[in-house]
There are 4 protein chains.
Amino acid sequence: MDRKQAILKAASNLFAERGFASTSTSAIAKKAGVAEGLIFHYFKTKQGIIINILKEMLEQYIAEFEQTAQQELIGLQAIKKLISFHFQFGENNHEALLIVIRDFPHDLMAPGSPTRVILEDRSSHIINILKECIERGINDRSIRDLPAAKTAFIIHGLLHGISRLKMLGNMVLPDLSKEVVKFCHRSLDGFLATNNKPE
Amino acid sequence: MDRKQAILKAASNLFAERGFASTSTSAIAKKAGVAEGLIFHYFKTKQGIIINILKEMLEQYIAEFEQTAQQELIGLQAIKKLISFHFQFGENNHEALLIVIRDFPHDLMAPGSPTRVILEDRSSHIINILKECIERGINDRSIRDLPAAKTAFIIHGLLHGISRLKMLGNMVLPDLSKEVVKFCHRSLDGFLATNNKPE
Amino acid sequence: MDRKQAILKAASNLFAERGFASTSTSAIAKKAGVAEGLIFHYFKTKQGIIINILKEMLEQYIAEFEQTAQQELIGLQAIKKLISFHFQFGENNHEALLIVIRDFPHDLMAPGSPTRVILEDRSSHIINILKECIERGINDRSIRDLPAAKTAFIIHGLLHGISRLKMLGNMVLPDLSKEVVKFCHRSLDGFLATNNKPE
Amino acid sequence: MDRKQAILKAASNLFAERGFASTSTSAIAKKAGVAEGLIFHYFKTKQGIIINILKEMLEQYIAEFEQTAQQELIGLQAIKKLISFHFQFGENNHEALLIVIRDFPHDLMAPGSPTRVILEDRSSHIINILKECIERGINDRSIRDLPAAKTAFIIHGLLHGISRLKMLGNMVLPDLSKEVVKFCHRSLDGFLATNNKPE
DNA sequence: AATGAATGAGCCTTCATTCAT
DNA sequence: TATGAATGAAGGCTCATTCAT
């Protein structure tokens, strides 16, 4: 119906299937059943399309991420929920994730480019949410005493990396989500820390 | 001297600097001080160059990874060494890593493509080494009882993801390496597990 | 006016002058006063141009050939008219004939290729028209009793070969057309056959 | 054994299979099991190869053509033998004929080029032989009174055209040779001419 | 005679983008 | 809003040919 949405949908399909660089605007137009010029009417440039997709996805991810973080008061529980949410989101938004995580075009990350600003902004937002949960956990003793910022970054990297490896390799590792939760739980758990001093 | 090496070096520089897609073969030839045709004499296609870089890097990485895994007999210590090695390697091979991890061209990962086969093969090789160390650790009680394969995959994803986020964001997080070692240590440590039953 | 026609005209000139392989698309564009990209907008590939020229010429040739065949009721007269027509057509369409008959690119004749199908289809169409005229002639006794299909093929080959030799050699043999008519007349004439049994 | 012959053989195969333009010197070298440079040592240029093939074939053709022309004293019989010989030769030298007759590269026929000189020279030689036989036939009354030069050209065109159509179309027309002999016989036969005035 | 690394000009084609309608 | 003809720069790649060994 909405031509703009038709373009976005067609573009998402093709980007996920062939990658951004290998998808031509003419292919998008054809798939969307639309004249090529219309794409530029709506999105100005080809990058405009992927930026739009990127923004939409990140906004949704962050909104739900934030909401999830607030559903649990206990810090450790919140982190665990966030991890579960991440993999759940990946399953529900396979295509968009594929686009953003797999082969995000290098040009779009040129220093100072709007895309980069968006991405870094959102990325640090995510890390901040994680960090706040960790700090909350340290305060409520559910999480042991550790550097919150670095740990948040590590967890973010962990989630990003596992999702990416899964996409790149088409691997199907069932229940990996639960195992990741356990993996992080063990590392963060404040109860163990109280009674034992590791290393 | 060796023209082939000159091409590889020039290509590495440019791929790392501008990305694969934005680097023209003519630019590579110019930088290498070589006729453009020679590139195709040696590498057949432009992709041939990056595949070559990829292979070389992976071979070196795996060789050293394997060697590192055997330097420590205790499972947990081995894992910790491997993590440290990973980040050390990243610092010593910043450029190659940048090329391979940041914007590896999507086309090369088409299902069934030789590149993909290589990459998946090497990837599972790395995971296997991790897995063996984990199993060793479980046997020697340095690592608690946990599913070795899944955990290996998680650690691989963790390392991959953190390296990638660092590259994408140009972030400088000093000592992240040590923090990752600690993060994993806490999650794996068998001594804690012996005395306390988490969850 | 029509850019597409301008391209076709420029291409015809150049193909006839230098041959297909030695004509670059950029030269065509320049001569047509058009951006090079427009060629591919209309014809997809360089071969697309020559295929277009080929089709147009063959369609015109066949249409007129067919019409000529019906203008004369007597079989032998029809054949003679067709022969005359062939050479007349050659003089009026020197350029297109040059392109198609002289150095039609070998690739286009690969078994199963669409071009080949077109060419074979048209070729057998021409032979069929000749065959029908011969059969008509046999019935009306203007042509002696002979194998119609084979004879049609021979006449087609005769016309094709003479035209080609003329183009290749730039030879100017005036009135060859009339001589060919006589040559075939003598071979086909039913009146002679009725009164004399050769061999 | 002989490297030069190996090159010629490989080139013949490939030219016949893919056409001259689509065959690279490197492909020839590979097929001949020889370094690419050696081709240029022997033949100077790529065209040199085809010129060599061309010359060899034409020389053989003409030698046998000439010899055939002299085997029969009666003019008409000579012509008929020549026609039969032509098709016989085509069957025995399918590959070489394919190269020369099917898609002889346009460049090689540029006015004044050595190839063109050779080809025109040989072509008129063939026509001359035909012409002499016709004149002989006119003298010995086996052939009716007709313009010898033009008729020779027509027969040459006839043979060339039929052979070419056969190659282009992969058509298998059995016994066409005999039919062509008959076709020409009827047209030339002096006996009929003596008793009947055609047209 | 024989090799094959090295050259470099040139070509077809793709593609994002513009613009008149 | 919508079209699609038209642009033109840029790029990967092929290939005949040369030359040092």
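To find a chain, count down the sequence lines: A is the first, B the second, and so on, and within it residues start at 1. The shown structure was predicted, so the numbers you read here are calculated from the model rather than taken from an experiment.
- The listed nucleotides are E/dT7, E/dG4, E/dT17; the one nearest the side chain of B/Leu38 is E/dT7.
- In this structure, A/Ile49 places its CD1 atom 14 Å from P of E/dC15, rounding to the nearest Å.
- If you take CZ of B/Phe43 and C1' of F/dT14, they are 18 Å apart, rounded to a whole angstrom.
- Here the P atom of nucleotide E/dA5 and the CD atom of B/Gln5 are 15 Å apart, to the nearest Å.
- Distance B/Glu36 CD to F/dG12 P: 7 Å, rounded to the nearest Å.
- Side-chain contact, D/His160 with C/Arg164: a donor N or O sits under 3.5 Å from an acceptor N or O.
- Across all strands shown, the partner of F/dA20 is E/dT3, judged by Watson-Crick or G-U wobble contacts whose two distances both fall under 3.5 Å.
- Distances from the side chain of C/Ser24 to the nucleotides E/dA16, E/dG4, E/dC11 place E/dC11 closest.
- Between B/Lys4 atom NZ and E/dT7 atom C1' there is a gap of 19 Å when expressed in whole angstrom units.
- Comparing C/Lys46 and D/Ala35 by the nucleotide of DNA chain E whose heavy atom lies nearest to each, the residue mapping closer to the 5' end is D/Ala35.
- Closest to the side chain of D/Tyr42, out of E/dA2, E/dC12, F/dT7, is E/dA2.
- The distance between atom NZ of D/Lys30 and atom P of F/dT14, rounded to the nearest whole Å, is 12 Å.
- Side chains of A/Arg102 and B/His106: a donor-acceptor N/O pair is present below 3.5 angstrom, by distance only.
- Taking atom CD1 on D/Ile7 and atom P on E/dA2, their separation rounds to 8 Å, with Å as the unit.
- Taking the side chain of A/Arg3 as heavy atoms from C-beta on, and the options F/dT3, E/dT3, F/dA16, the nearest nucleotide is F/dT3.
- Atom NZ of C/Lys9 is surrounded by 12 or fewer heavy atoms from other residues, nucleotides or ligands within 6.0 Å.
- Across all strands, B/Ser22 comes closer than 4.0 Å to no nucleic acid atom at all (heavy-atom distances).
- Nearest-nucleotide positions on DNA chain F for C/His41 and D/Thr23 put C/His41 closer to the 5' end.
- Atom P of nucleotide E/dG10 and atom CZ of C/Arg18 are separated by 13 Å, given to the nearest angstrom.
- Under 4.0 Å is where a charged nitrogen must lie from a carboxylate oxygen, and between B/Glu120 and B/Arg116 at least one such pair does.
- Looking at the side chain of A/Phe40, the nearest of the listed nucleotides E/dC12, E/dT18, F/dA5 is E/dT18.
- Of the charged side-chain nitrogens involved, none lies within less than 4.0 Å of a carboxylate oxygen, so that B/Glu36 and B/Lys30 do not count as a salt-bridged pair.
- Each of D/Phe20 and B/Thr25 was assigned the nucleotide of DNA chain F with the nearest heavy atom; the assignment lying further toward the 5' end belongs to B/Thr25.
- Set against F/dA6, E/dT17, F/dA2, the side chain of A/Thr45 has E/dT17 as its closest nucleotide.
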